A.B. asks: 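Before anything else, here's the structure in question.
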Amino acid sequence: LLEQVVTSPHLSCSSEALSIRIASYCRCRPGAIDASSLQRLTNAELMPRVAPEESIFFLLLISEVEEDSDEDISLGGRQIHRTKERDGRKSENENAKNTLYNRCIKASGDIVTMAIVNYGSST
């Protein structure tokens, strides 16, 4: 049902707000989110940016679902991005820069910076 809502042309919210809602949905369903559903819910076209406060959660979730998955997915957590074996060599996924992993790494810098600034101002 959430996938239908997320892909609806009537959905009108920022990418960051959407990432907060999706993170909340995933938290309420531990173990029920697999790599395929996470990839569909967090597609870069639907959610090009991740809210900084949810970036660490998504990074943890990526590592959990990729560990349990045998699918060829492009969340990007394994070896920075998913690779395929070809002729004994590894080739990069062409969409590696738009993976959920990379979007979370970019957003997490903001949250880490905010945490350091807040810690510094409280001491």
Side-chain angles (χ1 to χ4, degrees):
L1 180 61
L2 183 62
E3 289 179 38
Q4 291 174 342
V5 171
V6 168
T7 58
S8 169
H10 303 291
L11 179 68
S12 177
C13 69
S14 71
S15 179
E16 290 87 350
L18 181 60
S19 71
I20 292 168
R21 299 288 185 219
I22 292 171
S24 178
Y25 175 84
C26 293
R27 280 189 186 96
C28 293
R29 288 154 187 80
I33 302 297
D34 63 10
S36 295
S37 61
L38 185 60
Q39 183 178 29
R40 287 189 302 272
L41 289 170
T42 62
N43 180 310
E45 291 179 18
L46 301 170
M47 193 178 85
R49 292 173 313 284
V50 175
E53 62 269 25
E54 297 298 351
S55 60
I56 304 299
F57 169 75
F58 278 120
L59 289 169
L60 177 61
L61 187 58
I62 289 167
S63 68
E64 290 172 0
V65 299
E66 283 189 342
E67 186 175 302
D68 296 335
S69 178
D70 292 330
E71 301 173 62
D72 183 24
I73 53 172
S74 60
L75 293 170
R78 253 184 233 157
Q79 302 173 353
I80 307 301
H81 55 274
R82 192 67 187 216
T83 57
K84 294 181 183 178
E85 288 287 335
R86 268 193 216 149
D87 304 323
R89 294 178 298 181
K90 300 225 179 205
S91 65
E92 294 184 5
N93 182 336
E94 295 79 19
N95 296 318
K97 67 180 179 181
N98 291 325
T99 63
L100 177 58
Y101 177 88
N102 286 339
R103 288 179 278 142
C104 287
I105 291 297
K106 182 177 179 183
S108 69
D110 296 338
I111 196 71
V112 170
T113 300
M114 288 187 302
I116 291 169
V117 167
N118 289 338
Y119 177 76
S121 65
S122 69
T123 56

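Predicted, not measured: the structure shown is a model, and the values here were computed from it. Along the sequence shown, the residues carry numbers beginning at 1.
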A.B. asks: Quick check for you: to the nearest 0.5 Å, what is the distance between Thr99 atom OG1 and Ile62 atom CD1?
C.D. replies: 7.0 Å
A.B. asks: Applying side chain to side chain contact (heavy atoms under 4.5 Å, CB included) to Leu11 and Leu18, what does each step give before you reach the verdict?
C.D. replies: CA-CA 9 Å; Leu11 179 68; Leu18 181 60; 4.1 Å; yes
A.B. asks: Once rounded to the nearest 0.5 Å, what's the spacing between atom CG of Leu38 and atom CG of Leu100?
C.D. replies: 5.5 Å
A.B. asks: Identify whether Leu61 and Ile20 are in the same connected component of the hydrophobic contact network (ILVMFWY, side-chain heavy atoms under 4.5 Å).
C.D. replies: no
A.B. asks: Who are the side chain to side chain contact (heavy atoms under 4.5 Å, CB included) partners of Ala107, not counting sequence neighbours?
C.D. replies: Val50, Ser55
A.B. asks: To the nearest 0.5 angstrom, please state how far the CG atom of Asn102 sits from the NZ atom of Lys106.
C.D. replies: 10.5 Å
A.B. asks: Which is it for Leu59 and Ile105 under the side chain to side chain contact (heavy atoms under 4.5 Å, CB included) test, yes or no, and what are the steps along the way?
C.D. replies: CA-CA 8 Å; Leu59 289 169; Ile105 291 297; 4.0 Å; yes
A.B. asks: If you apply the rule side chain to side chain contact (heavy atoms under 4.5 Å, CB included), what do you find for Ile22 with Cys26, and how did you get there?
C.D. replies: CA-CA 6 Å; Ile22 292 171; Cys26 293; 4.1 Å; yes
A.B. asks: Rounded at 0.5 Å granularity, tell me how far CG in Asn43 sits from CD in Glu3.
C.D. replies: 10.5 Å
A.B. asks: With rounding to the nearest 0.5 angstrom, report the OG to CG distance, Ser19 to Leu46.
C.D. replies: 12.5 Å
A.B. asks: Residues in salt bridge (Lys or Arg N to Asp or Glu O under 4.0 Å) with Glu16, at least two apart?
C.D. replies: Arg49
A.B. asks: Give the cluster check for Leu2 versus Ile33: same hydrophobic cluster or not, with ILVMFWY residues linked at side-chain heavy-atom distances below 4.5 Å.
C.D. replies: yes
A.B. asks: Report whether Leu60 and Leu41 are members of the same hydrophobic cluster (ILVMFWY, side-chain heavy atoms less than 4.5 Å apart, transitive linking).
C.D. replies: no
A.B. asks: Under the criterion side chain to side chain contact (heavy atoms under 4.5 Å, CB included), I'd like the reasoning laid out for Glu54 against Arg27: C-alpha separation, chi angles, the key distance, then a yes or no.
C.D. replies: CA-CA 11 Å; Glu54 297 298 351; Arg27 280 189 186 96; 2.6 Å; yes
